[in-house]
Novice: 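My questions will all concern the structure given below.
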Amino acid sequence: QVQLVESGGGLVQAGGSLRLSCAASGRTFSSYVWALGWFRQAPGKEREFVATISPSGGNTYYADSVKGRFTISRDNAKNTVHLQMNSLKPEDTAVYYCAASSFGDTHWPQQERYQYDYWGQGTQVTVSS
């Protein structure tokens, strides 16, 4: 089992920044095996891919909608993954979910929900105009 706990959400004005964090734990979690990703779900919409990072942290991949504004990073010593979100827009408003994929470096990049084995509870991000 793997547990994922997100933090850092909140209310911010358009153009502002937020940094989300996700702490991973569990007997079967090994930082150098699992890829980690962020998804988001806005009201009335399906959960969509945001960004993912390879087990070593050497590779990252982003959805076109956030490329150039968001940065995903990880600290394997602390089993954490972060999402730095800059130049936020009202359309970024959503619940943001952290997820872990046992695919690791295979089938890279993992952009589909079914490729992720474990999910956090989510953290709300609201961007006001």
Side-chain angles (χ1 to χ4, degrees):
Q1 282 283 48
V2 175
Q3 292 80 43
L4 302 169
V5 179
E6 303 96 336
S7 61
L11 173 64
V12 64
Q13 288 189 332
S17 299
L18 279 176
R19 186 176 188 242
L20 305 183
S21 296
C22 174
S25 61
R27 195 162 53 89
T28 59
F29 183 78
S30 174
S31 288
Y32 291 96
V33 171
W34 296 78
L36 296 171
W38 289 95
F39 286 71
R40 66 186 182 186
Q41 187 166 17
K45 295 188 176 181
E46 292 196 354
R47 194 171 298 189
E48 65 175 5
F49 168 78
V50 175
T52 187
I53 188 165
S54 63
S56 68
N59 292 306
T60 58
Y61 189 81
Y62 299 91
D64 287 343
S65 58
V66 306
K67 202 173 294 182
R69 299 188 298 123
F70 290 12
T71 302
I72 188 171
S73 62
R74 66 190 292 167
D75 183 342
N76 283 346
K78 297 181 180 179
N79 288 349
T80 56
V81 61
H82 306 284
L83 187 67
Q84 178 66 43
M85 305 185 295
N86 298 330
S87 302
L88 282 161
K89 306 174 181 180
E91 50 263 45
D92 294 318
T93 295
V95 177
Y96 283 71
Y97 296 90
C98 173
S101 172
S102 60
F103 279 110
D105 288 312
T106 60
H107 304 291
W108 175 262
Q110 293 94 9
Q111 303 176 66
E112 305 297 332
R113 286 179 291 173
Y114 75 87
Q115 294 176 304
Y116 288 81
D117 306 85
Y118 295 98
W119 295 82
Q121 292 293 99
T123 185
Q124 177 70 46
V125 171
T126 303
V127 184
S128 63
S129 56

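Treat the numbers as computed from the prediction; the structure is a model and nothing was measured.
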Novice: In the structure I gave you, are the side-chain heavy atoms of Leu4 and Cys22 within less than 4.5 Å of one another anywhere?
Specialist: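 A side-chain contact under 4.5 Å exists here.
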Novice: In Å, rounded to the nearest 0.5 Å, how long is the span from CD of Gln41 to OH of Tyr96?
Specialist: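 Gln41 atom CD to Tyr96 atom OH measures 12.0 Å (nearest 0.5 Å).
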Novice: Examine Phe70 and Val81 and state if one hydrophobic cluster contains both, with Ile, Leu, Val, Met, Phe, Trp and Tyr joined whenever side-chain heavy atoms are less than 4.5 Å apart.
Specialist: yes
Novice: Roughly how far apart are Asn76 CG and Leu36 CG, rounded to 0.5 Å?
Specialist: 8.0 Å
Novice: For residues 84-91, run the donor-acceptor check on the side chains, cut-off 3.5 Å, and write out each pair with its distance to 0.1 Å, sequence neighbours left out.
Specialist:
from  : atom 1 : to    : atom 2 : distance (Å)
Gln84 : NE2    : Asn86 : OD1    : 2.9
Asn86 : OD1    : Ser17 : OG     : 2.9

Novice: Cluster question for you: counting only ILVMFWY and a side-chain heavy-atom cut-off of under 4.5 Å, with indirect links fine, are Val33 and Tyr116 together?
Specialist: no
Novice: When rounded to the nearest 0.5 angstrom, what is the spacing between CH2 in Trp38 and CG in Leu20?
Specialist: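 Answer rounded to 0.5 Å: 4.5 Å.
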Novice: Are Val95 and Val12 connected in the hydrophobic side-chain network, where two residues link if heavy atoms are under 4.5 Å apart?
Specialist: no
Novice: Determine the minimum heavy-atom distance between Asp105 and Pro55, stating which atoms define it.
Specialist: OD1-CD, 3.2 Å
Novice: Going hydrophobic residue to hydrophobic residue with side-chain gaps under 4.5 angstrom, can you get from Phe103 over to Val50?
Specialist: no
Novice: Can you tell if the side chain of Gln124 reaches within under 4.5 Å of the side chain of Thr93, non-hydrogen atoms only?
Specialist: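 In contact.
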Novice: Do the non-hydrogen side-chain atoms of Arg40 and Ser65 ever get within less than 4.5 Å of each other?
Specialist: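 SC-SC contact between Arg40 and Ser65 confirmed.
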Novice: To the closest 0.5 Å, what do you measure between CH2 (Trp108) and OH (Tyr61)?
Specialist: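 Rounded to the nearest 0.5 Å, the CH2-OH separation comes out at 10.0 Å.
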Novice: Judged by atom type as modelled, is there a donor-acceptor pair below 3.5 Å linking the side chain of Glu6 to the main-chain atoms of Gln121?
Specialist: yes
Novice: So, taking the atom named OG1 in Thr123 and the one named CG in Leu83, what distance separates them when rounded to the nearest 0.5 Å?
Specialist: 11.0 Å
Novice: Would you call the rings of Tyr118 and Trp34 parallel, tilted or perpendicular if under 30° counts as parallel and over 60° as perpendicular?
Specialist: tilted
Novice: In sequence, state the C-alpha distance, the side-chain angles, and the governing distance for Asp117 and Val2, and then conclude on side-chain contact (heavy atoms from CB on, under 4.5 Å).
Specialist: CA-CA 9 Å; Asp117 306 85; Val2 175; over 6 Å; no
Novice: CD/Gln110 to OG/Ser54 distance, rounded to the nearest 0.5 angstrom?
Specialist: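 Nearest 0.5 Å value for the CD-OG distance: 9.0 Å.
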Novice: Taking atom NZ as the centre, does Lys67 end up with more than 12 heavy-atom neighbours from other residues, nucleotides or ligands that are less than 6.0 angstrom away?
Specialist: yes
Novice: Counting N and O atoms only, with roles assigned by atom type, does the side chain of Tyr62 sit under 3.5 Å from a partner on the main chain of Ile72, one being a donor and the other an acceptor?
Specialist: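 Judged by distance alone, yes, a pair lies under 3.5 Å.
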Novice: Can you give me the closest heavy-atom contact between Arg47 and Phe39, atom names plus distance?
Specialist: CG-CB, 3.8 Å
Novice: At their closest point, which heavy atom of Ser129 faces which heavy atom of Ala14, and how far apart are they?
Specialist: CA-CB, 4.3 Å
Novice: Counting heavy atoms not belonging to Glu48, are there more than 12 under 6.0 Å from its CD?
Specialist: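 Count over threshold, so yes.
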Novice: Of all heavy-atom pairs between Ala35 and Thr52, which one has the smallest distance, and what is that distance?
Specialist: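 Of all heavy-atom pairs spanning Ala35 and Thr52, the closest is CB-OG1, 4.5 Å.
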Novice: How are the rings of Tyr97 and Trp119 set relative to one another: parallel (under 30°), tilted (30 to 60°) or perpendicular (over 60°)?
Specialist: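 Geometry flag for Trp119 against Tyr97: perpendicular rings.
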